[in-house]
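Throughout, protein chains are lettered first and strands after them, A, B, ... in sequence-line order, and every chain is numbered starting at 1. Worth saying up front: this structure is predicted, and the values here are computed from it rather than measured.
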Protein chains: 2
Amino acid sequence: MSQVRPGARRVLGATAVESPVIQPRLRTIPEATVARLAVYLRVLAGFADGGRTTVSSGELASAAGVNPAGLRKDLSHLGSCGVRGVGYDVRALRERIARVLGAEQSRACVLVGLGNLGTALADYAGFGSRGFRFTGLFDAAPDRVGQRIGGLPVQPMTELEATVTGTGVSIGVIATPAEVAQQICDRLTAAGVRSILNFAPMTLTAPAGVDVRQVDLSVELQVLAFLGQQRAVPAGEVPA
Amino acid sequence: MSQVRPGARRVLGATAVESPVIQPRLRTIPEATVARLAVYLRVLAGFADGGRTTVSSGELASAAGVNPAGLRKDLSHLGSCGVRGVGYDVRALRERIARVLGAEQSRACVLVGLGNLGTALADYAGFGSRGFRFTGLFDAAPDRVGQRIGGLPVQPMTELEATVTGTGVSIGVIATPAEVAQQICDRLTAAGVRSILNFAPMTLTAPAGVDVRQVDLSVELQVLAFLGQQRAVPAGEVPA
DNA sequence: GCGACTTTGTTCCTGCGTTCACAAGCGGCT
DNA sequence: AGCCGCTTGTGAACGCAGGAACAAAGTCGC
């Protein structure tokens, strides 16, 4: 099971400018760990809803689909938070992870492109409960402008820059056709957006200092198809 | 990229049951390479549409957003296909990658759950052009049954097993609410589906031999938010 | 025909991620 | 109060991925 993973395997965090006296703790968290922390957060919400107050690493790992030892190592990156012999306090761990991921504060996002996928994203309840809120929806089609999706009106593309600079947007989401994705990316970065999530099947180029994450839904399907094919013909060579 | 993926970094392919005489070539392809091959395939389609007949590793790597050396290493997994001093033949390389990924043959898929996201997936043109076709759309809501989406009628859940066994479905896509995702997964696996792509924010458990890939859209956003936060406060410690 | 340039394919190496295994610490029971 | 069992946290080893550098090979120009 993999979360989309065609990504840079770079190590996150500060560039090791550590003052050795003040900061004995490591300040870098691997990207793979960050992605799993988000999953743990979701699983912990389920445990909390079920009334659990403590969980062991084994239970949590099972629910998240990972190795218990790896889960403990992931959690060790944010300091000791568990009690030996007992486990982890659900509430405290949730807050700790949320704080590290920055999910405690609401982050303003804009969404460009409200076709089927964009509409699904705007309506997706999972974003709001995880600290994200859309402050602007934009589309180039005149007949989409003015529609309300998820309680927010769709605005024309001309308003993009004003909304970005006016509402302190930190993340831009692109769900447009591939042909215009690069152009949207340019406008977003020019307006000051430094984090972009791209759903268009197109490799974006952005200035240094801008983080771009690519989600290509068909890539996931193709990896799955490869796995299935490999399983079907385990010893067969690719025909000439 | 990462597409989302906090995932197993397992090596795909046969379990090294190689007959040393017949098969001198390695039979395993790393999962990360498979994901990138799918991206190369998309980029190559763009070059072909532009009339190009040959490309160098540098051009291809630039268009795909990867390192040229890494690209050549990826391609070396499927045998020498380039000409030194010239580059790669666009057409031949496309066919080679498509064959390795199994994208040359049309694969039957079923899609369960036609909310906003499911509808977006059913309409997504990128699937059809990459060797995937939906042979069944299913939803539990009576008012959705009978609607035509992407030329296909939505069927009631009761028809799921019959369609799976009748049309030789190899991949099941789940886009339902999280509460029923596990139940759908159980029905799909019971009906013989051995590859599942899950968009519900819920960790699925499946029998051994079934490949499950998880795509959680909010995980991507949270990784992006973490990157942005890390950049904003490079020296700040998490407050107590 | 020959030399030089271009580009591939491979090899080495460094670093990260994952896993296993064990020591340390805490609660409960007697 | 002391012991036992359970769970965390960490240290070490292993395997994989990514990057750089180099040799092989083919083409273009003279």
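Across the protein-nucleic acid pair, A:Tyr40 atom OH and D:dT8 atom P stand 13 Å apart, rounded to whole Å. Between A:Leu60 atom CG and D:dG9 atom C1' there is a gap of 15 Å when expressed in whole angstrom units. Distance, B:His77 NE2 to C:dT8 C1': 16 Å, rounded to whole Å. Distance, B:Asp89 CG to D:dG26 P: 16 Å, rounded to whole Å. Between B:Leu71 atom CG and D:dG18 atom P the separation is 12 Å, expressed in whole Å. The distance between atom CG of A:Leu75 and atom P of D:dT8, rounded to the nearest whole Å, is 9 Å. In this structure, CD of B:Glu31 is placed 12 Å from C1' of D:dC16, rounded to the nearest angstrom.
Remark: A:Leu204 CG to A:Gln182 CD distance equals 5.0 Å, nearest 0.5 Å. Summarising the geometry, atom CG belonging to A:Leu71 is positioned 6.5 Å from atom OH belonging to A:Tyr88; distances are rounded to the nearest 0.5 Å.
Under 3.5 Å, the side chain of A:Lys73 and the base of C:dG17 form no donor-acceptor pair of N or O atoms.
With DNA chain C read from its 5' end, the first of the two nearest nucleotides for A:Asp74 and B:Ser56 is the one closest to B:Ser56. Nearest-nucleotide positions on DNA chain C for A:Gly70 and B:Cys81 put B:Cys81 closer to the 5' end.
With C:dG25, C:dG9, C:dG17 as the choices, the nucleotide that has an atom nearest any side-chain atom of A:Arg84 turns out to be C:dG25. Closest to the side chain of B:Ala32, out of D:dG18, C:dT19, C:dC26, is D:dG18. Among the nucleotides C:dG17, D:dG9, D:dG18, the one closest to the side chain of A:Ser80 is D:dG9. Relative to the side chain of A:Asn67, the nucleotides C:dC26, C:dC20, C:dC12 differ in distance, and C:dC20 lies closest. Candidate nucleotides C:dC20, D:dG26, C:dT10 were compared by shortest atom distance to the side chain of B:Val83, and D:dG26 ranks first.
At least one side-chain nitrogen or oxygen of B:Tyr88 sits closer than 4.0 Å to the OP1 or OP2 atom of C:dG9. Side-chain N/O atoms of B:Arg72 include none lying less than 4.0 angstrom from OP1 or OP2 on C:dT11. Contact annotation: B:Ser57 reaches the phosphate of C:dT8 (side-chain N/O to OP1 or OP2, under 4.0 Å).
When A:Val34, A:Thr28, A:Ile29 are each tested for a side-chain contact (heavy atoms from CB on, under 4.5 Å) with A:His77, only one passes: A:Ile29.
Residue-level contact check: A:Gly82 touches the backbone only, with heavy atoms under 4.0 Å from sugar-phosphate atoms and none from bases.
Nearest heavy-atom pair across B:Leu121 and B:Phe134 is O-CE1, 3.6 Å.
Formation of a donor-acceptor pair under 3.5 Å by the B:Gln229 side chain with backbone atoms of A:Val100 is found in this model.
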